[in-house]
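This report concerns only the one structure given below.
For clarity, every value in this text was computed on a predicted model and none was experimentally measured.
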Amino acid sequence: IRNASVAVGVGYPDGRLGMCNLAFQKLTGYDEEELKNISWNNVLTPPEWMESEMQSLVELRRTKQSVTYEKEYLHKSGKRIPIELVVHAFYDTDGNVTHYYAFITDLTQRKQAEEKIRRQIDYLTALQDIDRTIASAFGMKLSLKALTSKAISLLAVDAAAVMLVDFAANTLQYAVGEGFRTDLSKAANIKLENGYASRVALEQHIVKVPNLTDDPNNGRSEEHTSEL
């Protein structure tokens, strides 16, 4: 059991942990000695999961049958690990729980796969909605507005804008936008060699900027910034 690939742990009703195998230690980030001083229902369990877990354990004591439920563990590093537990209970002669015995499965990969599928479904649904809107809309601006609204929802962002390329003027010009606090974006007239939007237009691939504050020029050249 100590070297099993599945995480196995013993927990007591007062929150103490007993035997925890190597897989359990790897899952939580704590070694065996640290786990002896950790409460499974306070340190390892996020507050929002406590009530639902207690309900599962009440059901376990009522039926005296093992229960299966999901929750999260708080890893030593602070990250959250989605898990599934299959919990069994052991009782004394009076029928009181002496300890729990749990098999724990890391659901990280499953959750990531589910999220990927959900996003793909959302993406396909958005494309269908955009297609219907374009088919029924009169004019490019209405179509672009529909595209912008769907992009905000699909990407979970606060604002989005569509810039059109004018190769004759060598610029990007504002077409439609949504979610911006000011109207400054509407006056945008960006030369193609400046800025992240220009990079997207010229290189034709997504450009991700984790933190714009790391680049005070927002991808623009110093010459262009001074002109602004």
Item to check | Centroid separation Phe90 to His99 less than 6.0 Å | outcome: yes

Checklist entry - Taking Thr45 for the side chain and Trp40 for the main chain, is one N or O donor matched with an acceptor at less than 3.5 Å? => result yes

Checklist entry - What heavy-atom pair brings Val165 and Ala201 nearest, and what distance separates the two atoms? => result CG2-CB, 3.9 Å

Next on the checklist: Please report the interatomic distance CD(Gln55) to CD(Glu59), rounded to the nearest 0.5 Å.
Outcome noted: 10.0 Å

Side-chain polar contacts of residues 7-17 - donor-acceptor pairs under 3.5 angstrom, sequence neighbours left out - could you list them?
{"from": "Asp14", "atom 1": "OD1", "to": "Arg16", "atom 2": "N", "distance (Å)": "3.0"}
{"from": "Asp14", "atom 1": "OD1", "to": "Arg16", "atom 2": "NE", "distance (Å)": "3.3"}
{"from": "Asp14", "atom 1": "OD2", "to": "Arg16", "atom 2": "NE", "distance (Å)": "2.8"}

Checklist entry - Taking all atoms of both residues into account, what is the closest heavy-atom pair of Ile81 and His75, and its distance? => result CG1-CB, 4.1 Å

Could you list the donor-acceptor pairs under 3.5 angstrom formed by side chains in residues 103-110, with sequence neighbours left out?
{"from": "Asp106", "atom 1": "OD1", "to": "Thr108", "atom 2": "N", "distance (Å)": "2.9"}
{"from": "Asp106", "atom 1": "OD1", "to": "Thr108", "atom 2": "OG1", "distance (Å)": "2.6"}

Checklist entry - If you take all heavy atoms of Gly177 and Tyr174, which pair is closest and at what distance? => result N-OH, 2.7 Å

Checklist entry - Salt bridge between Arg80 and Glu48, side-chain N to carboxylate O under 4.0 Å? => result yes

Checklist entry - What distance do Leu57 atom CG and Leu85 atom CG have between them, rounded to the nearest 0.5 Å? => result 9.0 Å

Next on the checklist: Within this structure, what is the CD-NZ distance for the pair Glu84 and Lys111, rounded to the nearest 0.5 Å?
Outcome noted: 9.0 Å

Checklist entry - Under 3.5 Å, is there a donor-acceptor pair between the Glu53 and Tyr69 side chains? => result yes

Checklist entry - Does the pair Val67 and Gln65 meet the rule for a side chain to side chain contact (heavy atoms under 4.5 Å, CB included), with working shown? => result CA-CA 6 Å; Val67 292; Gln65 298 291 324; over 6 Å; no

Next on the checklist: Please say yes or no: joined through hydrophobic side-chain contacts below 4.5 Å, possibly via intermediate residues, are Leu60 and Tyr101 part of one cluster?
Outcome noted: no

Checklist entry - Is the closest side-chain heavy-atom distance between Asp166 and Leu172 below 4.5 Å? => result no

Checklist outcome for this item: The reported gap from OG in Ser198 to CG in Asn170 (rounded to nearest 0.5 angstrom) is 8.5 Å

Item to check | Residue pair Ala161 / Thr148: nearest heavy atoms and the distance that separates them | outcome: N-CG2, 4.5 Å

Checklist entry - Can you tell if the side chain of Leu27 reaches within under 4.5 Å of the side chain of Ile83, non-hydrogen atoms only? => result yes

Item to check | Shortest non-hydrogen separation from Phe180 to Ala160 and the atoms involved | outcome: CE1-O, 3.3 Å

Next on the checklist: Side chains of Glu178 and Ile152, heavy atoms from C-beta outward: is any pair under 4.5 Å?
Outcome noted: yes

Checklist entry - So among Gln120, Glu115, Glu114, which one has a side-chain hydrogen bond (donor to acceptor under 3.5 Å, both in side chains) with Arg118? => result Glu115

Checklist entry - Same hydrophobic cluster for Val58 and Val97, using side-chain heavy-atom links shorter than 4.5 Å among ILVMFWY? => result no

Next on the checklist: Checking the side chain of Thr171 only, and the main-chain atoms of Gln173 only, is there a donor and an acceptor separated by less than 3.5 Å?
Outcome noted: no

Next on the checklist: Whether the side chain of Tyr91 engages the backbone of Asp94 through a donor-acceptor N/O pair (distance < 3.5 Å, no angle test) should be reported.
Outcome noted: no

Next on the checklist: Keeping Ser153 on the side-chain end and Ser149 on the backbone end, is there a donor-acceptor pair under 3.5 Å?
Outcome noted: no

Item to check | Ion pair Glu72/Lys79, N-O distance below 4.0 Å | outcome: no

Item to check | Pairwise side chain to side chain donor-acceptor pair (under 3.5 Å) hits with a residue in residues 20-32, at least two apart | outcome: Arg2-Glu32

Checklist entry - side chain to side chain contact (heavy atoms under 4.5 Å, CB included) between Ile38 and Leu44: does it pass, once the steps are laid out? => result CA-CA 8 Å; Ile38 284 176; Leu44 292 181; 4.0 Å; yes

Next on the checklist: Same cluster or not: Ile206 versus Val162, using hydrophobic residues (I, L, V, M, F, W, Y) connected whenever any side-chain heavy atoms lie under 4.5 Å apart?
Outcome noted: no

Checklist entry - Under 6.0 Å between the ring centres of Phe24 and Tyr73? => result yes

Item to check | Stepwise side chain to side chain contact (heavy atoms under 4.5 Å, CB included) check, Met19 with Ile1 | outcome: CA-CA 10 Å; Met19 188 283 297; Ile1 292 177; 3.8 Å; yes

Item to check | Minimum-distance pair of heavy atoms, taken over all atoms of Ala23 and Ser5 | outcome: CB-O, 3.6 Å

Item to check | Electrostatic pair Glu34:Lys76 at N-O distance under 4.0 angstrom | outcome: yes

